[in-house]
Amino acid sequence: GQQLNQSPQSMFIQEGEDVSMNCTSSSIFNTWLWYKQDPGEGPVLLIALYKAGELTSNGRLTAQFGITRKDSFLNISASIPSDVGIYFCAGANTDKLIFGTGTRLQVFP
Amino acid sequence: DAGVIQSPRHEVTEMGQEVTLRCKPISGHNSLFWYRQTMMRGLELLIYFNNNVPIDDSGMPEDRFSAKMPNASFSTLKIQPSEPRDSAVYFCASSFPLTGGPSSYNEQFFGPGTRLTVL
């Protein structure tokens, strides 16, 4: 099935550093979402974006809906150890979500 | 609210056996989704239901897989016969349906998943 391209695949950073990851698609989406998955758990929604160009924040997280509707970015500022996990983007035009390949984040104290 | 409930959390079975995974969506949600997650293929949508009716099963790998939703509070995903390549984590998610308009979206809440190992 279709998957969105996420980069980087993995990141190893020091606590306190900022993090950036992005997601690209060959198709246009009306909604972009970012999920985080902790080990042994299901994905949890972090941020939802509904309009091209929209910039939305949730605490230390900021996400943007690309103007072309084919990409999205997620930034995490001042990372902490509990930010560890896998981050997935997802695009949607209907009820269905198309997920990205994931970015695995490791934070060292 | 207890969230989406899945059972069992872990299942180990032998090739050829029938496997049944269960899901209880969040009360009031009338859309239900079954996903499969593997290292190689990531998160894939298998099938989803609106108001207990299957809407899109194009992600179901083959005839060995079947899913039912007999009522608003219960769904099953069955694999018969199971094969080693079916080993994966299977997630169920539920949401309210789209309320309308291209800017509407209702968050999908995921269950904890069932880790299936077929030997």
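When reading the values below, keep in mind they use all heavy atoms of this one structure, side chains included, and skip hydrogens, waters and symmetry mates. Here is the naming used below: chain letters follow the sequence lines, and residue numbers restart at 1 for every chain.
Residue B/F109: no heavy atom, backbone or side chain, is found under 4.5 Å from chain A. For B/R115, no part lies near chain A; criterion is any non-hydrogen pair under 4.5 Å.
One hydrophobic cluster, built from ILVMFWY side chains closer than 4.5 Å, cannot hold both B/L116 and B/F33; they sit in different ones. Following chains of ILVMFWY side-chain contacts shorter than 4.5 Å, one can reach B/L46 starting from B/L21, so the two form part of one hydrophobic cluster. Cluster annotation: A/W34 is connected to A/V19 through the hydrophobic network of ILVMFWY side chains, with a link wherever side-chain heavy atoms come within less than 4.5 Å. B/I5 and B/M69 fall into different hydrophobic clusters, where Ile, Leu, Val, Met, Phe, Trp and Tyr side chains are chained together by heavy-atom contacts under 4.5 Å. A continuous path of hydrophobic side-chain contacts links A/V107 to A/M11 [ILVMFWY only; heavy atoms under 4.5 Å].
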When you look at B/E44 and A/F99, which way does the side-chain contact (heavy atoms from CB on, under 4.5 Å) test go after all the steps? CA-CA 8 Å; B/E44 304 173 275; A/F99 278 89; over 6 Å; no
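Contact annotation for residues 52-68 of chain B against chain A (heavy-atom separation below 4.5 Å, listed by residue number): B/D56, B/S58.
In this structure, B/Q108 CD and A/L97 CG are separated by 4.0 Å, a value rounded to the nearest 0.5 Å. Atom CD of B/Q37 sits about 6.5 Å away from atom CD1 of A/I86, to the nearest 0.5 Å. Note that CD of A/E41 and CZ of B/F91 are 8.5 Å apart. Values are rounded to the nearest 0.5 Å. The distance from atom CD1 of A/I98 to atom CG of B/L45, rounded to the nearest 0.5 Å, is 7.5 Å.
Sparse packing is recorded around CZ of A/R104, with 12 or fewer heavy atoms of other residues, nucleotides or ligands lying under 6.0 Å away. The 12-atom threshold is not exceeded at CD of B/E14, counting heavy atoms of other residues, nucleotides or ligands nearer than 6.0 Å.
Between A/K96 and B/Y48 the shortest heavy-atom distance is CG-CE2, 3.3 Å.
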